[in-house]
Amino acid sequence: MREIQLKDAKATLSAVVDQAVHGNPAIITRHGRKEAVVLSFEEYEKLKQVPSFGRLLASFPGDEGDIPPQSTKPSRPIDL
């Protein structure tokens, strides 16, 4: 993904949007820091539909009994 400074993005916004629509999103930087991303609306819609990990866990179709209990055995020692 290419990076473009905010001042350059302002000057060429139409081109930046056209490239995003054609599958080439851009990271907008301000003072060297990544601040925003320009991507196509289609890509945005795809990303918006991805569930969070919490929602994924909450949607588990099983019962509590389907998940084995956590072991009470102490863990094995590991040399770090």
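Heavy-atom basis, side chains included; hydrogens, waters and symmetry copies ignored. We number each residue from 1, following the sequence as shown.
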Engineer: Please report the shortest heavy-atom distance between Ser40 and Val21, naming the atom on each side.
Structural biologist: CB-CA, 3.9 Å
Engineer: Going by the salt bridge (charged side-chain N to carboxylate O under 4.0 Å, His left out) test, which pairs reach into residues 38-53, not counting sequence neighbours?
Structural biologist: Glu42-Lys46, Glu43-Lys46, Glu45-Lys48
Engineer: Please list every donor-acceptor pair under 3.5 Å in which a side-chain atom of residues 72-80 meets a protein atom from a residue at least two apart or in another chain.
Structural biologist:
none

Engineer: Taking a hydrophobic cluster as the set of Ile, Leu, Val, Met, Phe, Trp and Tyr residues connected by side-chain heavy atoms closer than 4.5 Å, whether directly or through intermediates, do Leu47 and Met1 fall within one such cluster?
Structural biologist: yes
Engineer: With sequence neighbours left out, what residues match Ala20 under side-chain contact (heavy atoms from CB on, under 4.5 Å)?
Structural biologist: Val38
Engineer: Taking all atoms of both residues into account, what is the closest heavy-atom pair of Leu39 and Pro25, and its distance?
Structural biologist: CB-CB, 3.9 Å
Engineer: Excluding sequence neighbours, so at least two apart, what forms salt bridge (charged side-chain N to carboxylate O under 4.0 Å, His left out) with Arg55?
Structural biologist: none
Engineer: Please identify each residue that fulfils side chain to side chain donor-acceptor pair (under 3.5 Å) with Gln5, with sequence neighbours left out.
Structural biologist: none
Engineer: If the condition is salt bridge (charged side-chain N to carboxylate O under 4.0 Å, His left out), which residues does Lys34 pass it with, not counting sequence neighbours?
Structural biologist: Glu3
Engineer: According to ring-ring contact (aromatic ring centres under 6.0 Å, His included), does anything in residues 25-64 pair up with another residue at least two apart or in another chain? List the pairs.
Structural biologist: Phe41-Tyr44
Engineer: Name all pairs fulfilling the side-chain hydrogen bond (donor to acceptor under 3.5 Å, both in side chains) condition that reach into residues 8-28, sequence neighbours left out, sorted by first residue then second.
Structural biologist: Arg2-Gln19
Engineer: As an exercise, state the distance from CD1 of Ile4 to OG1 of Thr29, rounded to the nearest 0.5 Å.
Structural biologist: 8.5 Å
Engineer: Only counting residues at least two apart or in another chain, list the ones meeting side chain to side chain donor-acceptor pair (under 3.5 Å) with Glu35.
Structural biologist: Arg33
